[in-house]
Amino acid sequence: MSLLEIKDLKVHFPIRGGFFNTIQSYVKAVDGVNFKLEVGKTYGLIGESGSGKTTIGKAIVGLEEPTGGEILYNGKCVNKKRDRKRVNYNQDVQMIFQDVLSSLDPKKRVRDIIAEPIRNYEKLSLDEEVKRIRELLHIVSMPDDTLYKYPHEFSGGQRQRIGVARAMAVNPKLIVADEPVSALDLSVQAQVLNFMKDIQRQFNLSYLFISHDLGVVKHMCDYIYIMYRGRFVESGTRDDIYNNPKHIYTKKLIAAIPEINAKNRDELRQKRLEVEREFDLLHNNFFDQNGKVYDLKQISDTHFVALKDEEVLSDVENRIA
């Protein structure tokens with residue numbers, strides 16, 4: 001049984017207008033997605049800004065109420081607050097936010113920031129609480145004097161480590177990480193990502209890693225979902241997505257990864273032009289007349305692609321050749 005299963009999840013936001021401020025239409029931020037998360041694995045949720053990936057993360061942790069569908073934790077539905085309490089869901093599923101500085105109360109010392117979730121779920125003595133917080137800081141490689149400082153006294157990478165320590169405070173089973181390193185320098189990104197992997201191995205954590213950066217996701221994730229306009233266009237293992245992409249949108253994302261080696265830049269530039277031509281030429285095979293993504297079709301044991309029908313893929317590849 002999966003740790004977390006999402007069934008036909010929808011999150012629609014009403015658009016109001018007119019004299020009586022009535023609902024005129026809806027923004028379909030998430031429009032029917034399905035996926036599963038297994039214990040101890042890292043799953044990537046990838047897409048451009050506005051694709052709906054962060055909305056999925058917020059729905060999973062209870063910051064957005066789903067319009068439809070189900071969120072199942074250990075086989076039990078947790079869509080409503082009373083259901084989440086029944087299975088300790090709010091304790092088991094934690095979130096690391098993109099803008100970590102705004103998620104840390106600037107008026108509180110680190111000790112109280114990390115202690116807050118602990119106090120919600122456990123009754124510890126003062127000494128026990130301080131001991132727990134020191135242990136958490138050691139896990140994320142922060143010194144003991146961190147306890148008595150304020151968030152503004154730390155660098156971006158250090159603040160992100162504090163955010164991880166807070167998420168770990170109640171021994172979660174799943175951490176939803178929303179763009180956790182996007183605001184950090186490249187060298188600091190690598191440090192934060194590596195210690196997140198170390199923590200995962202140590203505590204058998206599951207991660208849902210939300211990002212627009214395919215380079216970062218390649219480093220972190222076992223299985224990847226590509227998202228566009230509220231729906232999945234492709235999903236597969238890391239090798240499926242990077243070595244054998246099938247959807248034209250996935251190819252565009254991969255072609256957009258920066259090339260450090262100057263010798264390969266001309267080749268990459270030409271590849272991007274070819275992908276743009278392919279996107280225009282084959283658009284109708286991957287999106288309907290309204291621009292909606294088709295349903296996913298299985299093309300291997302682990303690989304799924306949103307196609308008009310199963311015969312489209314060979315036809316598409318023949319036309320490209």
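We use all heavy atoms of the structure for the numbers below, so side chains are in, but hydrogens, waters and symmetry mates are not.
- With E234 contributing its side chain and A306 its backbone, the two residues share no donor-acceptor pair below 3.5 Å.
- Shown here are the side chain to side chain contact (heavy atoms under 4.5 Å, CB included) partners of A169, two or more places apart in sequence or in another chain: I114, P117, I118, L136.
- Between H247 and Y294, the ring centre distance reaches or exceeds 6.0 Å.
- Centroid-to-centroid, the aromatic rings of F35 and F232 come within less than 6.0 Å.
- The side-chain hydrogen bond (donor to acceptor under 3.5 Å, both in side chains) contacts involving residues 45-69 comprise E48-Y249, T54-D178, where partners must be two or more places apart or lie in separate chains.
- A heavy-atom distance below 4.5 Å is found between the side chains of K292 and R231.
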Can I get a per-line list of side-chain donor-acceptor pairs under 3.5 Å for residues 216-226, giving both atom names and the distance, sequence neighbours left out?
residue : atom : partner : partner atom : Å
H219    : NE2  : N194    : OD1          : 3.1
D222    : OD2  : T42     : N            : 2.8
Y223    : OH   : S235    : OG           : 3.3
Y223    : OH   : T302    : O            : 2.7

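- In plain terms, the two heavy atoms of G52 and V30 that are nearest each other are O-CG2, 3.6 Å.
- Listed by chain and residue number, R201 satisfy the side-chain hydrogen bond (donor to acceptor under 3.5 Å, both in side chains) test with D198 (two or more places apart in sequence, or in another chain).
- Shown here are the side chain to side chain contact (heavy atoms under 4.5 Å, CB included) partners of T22, two or more places apart in sequence or in another chain: F20, Q24.
- With a 4.5 Å cut-off on side-chain heavy atoms, M227 and I56 count as touching.
- At a threshold of 4.0 Å, the pair R111-D144 does not count as salt-bridged, since none of the basic side-chain nitrogens sits closer than that to a carboxylate oxygen.
- Proximity of L296 to V305: side-chain heavy atoms (C-beta onward) are nowhere separated by under 4.5 Å.
- A distance-only check finds no donor-acceptor pair linking the side chain of S25 to the backbone of I15 [under 3.5 Å].
- For R159, there are no side-chain hydrogen bond (donor to acceptor under 3.5 Å, both in side chains) partners two or more places apart in sequence or in a different chain.
- D8 and G32 make their closest contact through OD1-CA, 3.4 Å (heavy atoms, listed as atom of the first residue, atom of the second, distance).
- Every side-chain hydrogen bond (donor to acceptor under 3.5 Å, both in side chains) that R166 has, sequence neighbours left out, goes to S103.
- Atom NZ of K28 is surrounded by 12 or fewer heavy atoms from other residues, nucleotides or ligands within 6.0 Å.
- Partners of K149 under the salt bridge (Lys or Arg N to Asp or Glu O under 4.0 Å) rule, at least two apart in sequence or in another chain, are D145.
- Residues E5 and N34 fail the side-chain proximity criterion, which asks for heavy atoms closer than 4.5 Å.
- Here the side chain of Q158 pairs a donor or acceptor atom with the backbone of S155 at under 3.5 angstrom.
- A ring pair (Phe, Tyr, Trp, His ring centres under 6.0 Å) check over residues 195-217, counting only residues at least two apart or in different chains, returns nothing.
- Residue K173 is tested with N88, L37, D92 for a side chain to side chain contact (heavy atoms under 4.5 Å, CB included); the sole match is D92.
- By the 4.5 Å heavy-atom criterion applied to side chains, V140 and I162 are not counted as neighbours.
- Scanning both residues, G40 and N204, for their nearest heavy atoms gives CA-OD1, 3.5 Å.
- Residue pairs meeting the ring pair (Phe, Tyr, Trp, His ring centres under 6.0 Å) criterion with at least one member in residues 69-93, sequence neighbours excluded: Y73-Y89.
- Using a 4.5 Å heavy-atom cutoff, the side chains of L4 and L72 are not in contact.
- Nearest heavy atoms, N79 versus I71: OD1-N, 2.7 Å.
- When all heavy atoms of P143 and L137 are compared, the pair lying nearest together is O-CD1, 4.2 Å.
- Note that NE2 of H303 and NZ of K297 are 14.0 Å apart. Values are rounded to the nearest 0.5 Å.
- Listed by chain and residue number, nothing satisfies the side-chain hydrogen bond (donor to acceptor under 3.5 Å, both in side chains) test with K41 (two or more places apart in sequence, or in another chain).
- Sorted by first and then second residue, the ring pair (Phe, Tyr, Trp, His ring centres under 6.0 Å) pairs with a member in residues 109-154 form an empty list; sequence neighbours excluded.
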